[in-house]
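Below you'll find the structure, written out as structure tokens, and then a few comments.
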Amino acid sequence: MTTNLNKDVIVISPSQKATVEKCDQSLYQRLDRHYNQFVDHKLVSCHEFEQDWTNWEIHPNGDEVIVLLGGKATFVLDLPDGHECTDLEEEGSVIIIPQNIWHTVKTKVKTKLLFITPGEGTQHKSV
């Protein structure tokens, strides 16, 4: 099977079965409904953007793995002793966002990232 992560996402179940889902406006409603509120599932997705994120996010049920596919990004982690910034500038560079750490991304150029996200319980708040 082939797919395109520019248009679709892949859901990995607790039994490691991979299912392709169309990335559209009803995606997150379908994920909750068809994948047990996303309990123990992971989401593989690509996103492209060219400005700072307007929100922080946190994943309480596991580490998030992010791969730089193009552009440049600065990840800001909200750690107990203050903010830590990490730059990804080389294609193929990876950052692992630890479980339960609020994070956001800053960029001024067109940037493309691959995400492997433990989606259950993900929360967002404004920057």
Would you check if the side chain of S93 reaches a backbone N or O of L88 as a donor-acceptor pair within less than 3.5 Å? no
Using only heavy-atom distances, determine whether the side chains of H59 and Q99 contain a donor-acceptor pair under 3.5 Å. no
Would you call S126 and T54 a side-chain contact if the rule is heavy atoms closer than 4.5 Å? no
Is the side chain of S15 donor-acceptor paired with the backbone N or O of S13 at a distance under 3.5 Å, no angle test? no
Within the side chain of T107, is there an N or O that forms a donor-acceptor pair under 3.5 Å with the backbone of K72? yes
E48 atom CD, neighbour heavy-atom count above 12 within 6.0 Å: yes
Please give me the minimum heavy-atom distance between T117 and E64, naming the atom from each residue. OG1-OE2, 2.6 Å
From CG (L68) to CD (E89), nearest 0.5 Å: 9.0 Å
By side-chain contact (heavy atoms from CB on, under 4.5 Å), S26 pairs with (sequence neighbours left out) D24, Q29, R30
Which heavy atom of G62 sits nearest to which heavy atom of P118, and what is that distance? O-CG, 3.3 Å
Is there a path of hydrophobic side-chain contacts, each under 4.5 Å between heavy atoms of I, L, V, M, F, W or Y residues, that connects V11 with Y28? yes
Same apolar cluster: V109 and F49, side chain cutoff 4.5 Å: no
Please round to the nearest 0.5 Å and tell me the distance separating atom CG of D81 and atom CG of D78. 10.0 Å
Pair L113-F75, side-chain contact (heavy atoms from CB on, under 4.5 Å): steps then yes or no: CA-CA 12 Å; L113 299 170; F75 286 81; 3.8 Å; yes
Smallest heavy-atom separation, L27 atom then C23 atom, equals CD2-SG, 4.2 Å
Atom CG of D8 and atom CD of E21: how far apart are they, to the nearest 0.5 Å? 9.0 Å
For Y35 together with H41, are the ring centres under 6.0 Å from each other? yes
Look at the side chain of N61 and the backbone N and O of E120, then say whether any donor-acceptor pair between them is shorter than 3.5 Å. yes
Side-chain heavy atoms nearer than 4.5 Å, only ILVMFWY residues, links allowed to pass through others: does that put V65 and V9 together? no
A side-chain contact here means heavy atoms from C-beta on lying under 4.5 Å apart; do H103 and E57 qualify? yes
Kindly work out whether a path of hydrophobic side-chain contacts (I/L/V/M/F/W/Y, heavy atoms less than 4.5 Å apart) joins V44 to V67. yes
Is the positively charged end of K106 above the ring of W53, judged by distance under 6.0 angstrom from the centroid and angle within 45° of the axis? no
For K17, I'd like to know if atom NZ has over 12 heavy atoms of other residues, nucleotides or ligands within 6.0 Å. no
From I58 atom CD1 to T104 atom OG1, the distance as rounded to the nearest 0.5 Å: 13.0 Å
Spacing of CD belonging to E84 relative to CG belonging to L77, to within rounding of 0.5 Å: 5.5 Å
Between N36 and F38 (side chain of the first, backbone of the second, donor and acceptor by atom type, cut-off under 3.5 Å), is there such a pair? no
Spell out, yes or no, whether I101 and V76 are grouped together once hydrophobic residues are joined by side-chain heavy atoms under 4.5 Å, including indirect joins. no
Quick one, T3 with I10, criterion side-chain contact (heavy atoms from CB on, under 4.5 Å). Give me CA distance, side-chain angles, the key distance, then yes/no. CA-CA 9 Å; T3 193; I10 299 171; 4.2 Å; yes
For N100 and P60, work out which heavy atoms get closest and say how close. OD1-CA, 3.2 Å
Taking the side chain as every heavy atom from C-beta outward, state whether K112 and N6 have any atom pair closer than 4.5 Å. yes
T74-D87 side chain donor-acceptor pair, cut-off 3.5 Å: yes
Find out whether V127 and D52 are in side-chain contact, i.e. whether some heavy atom of one side chain is under 4.5 Å from a heavy atom of the other. no
D63 CG to I66 CD1 distance, which is reported to the nearest 0.5 Å: 11.0 Å
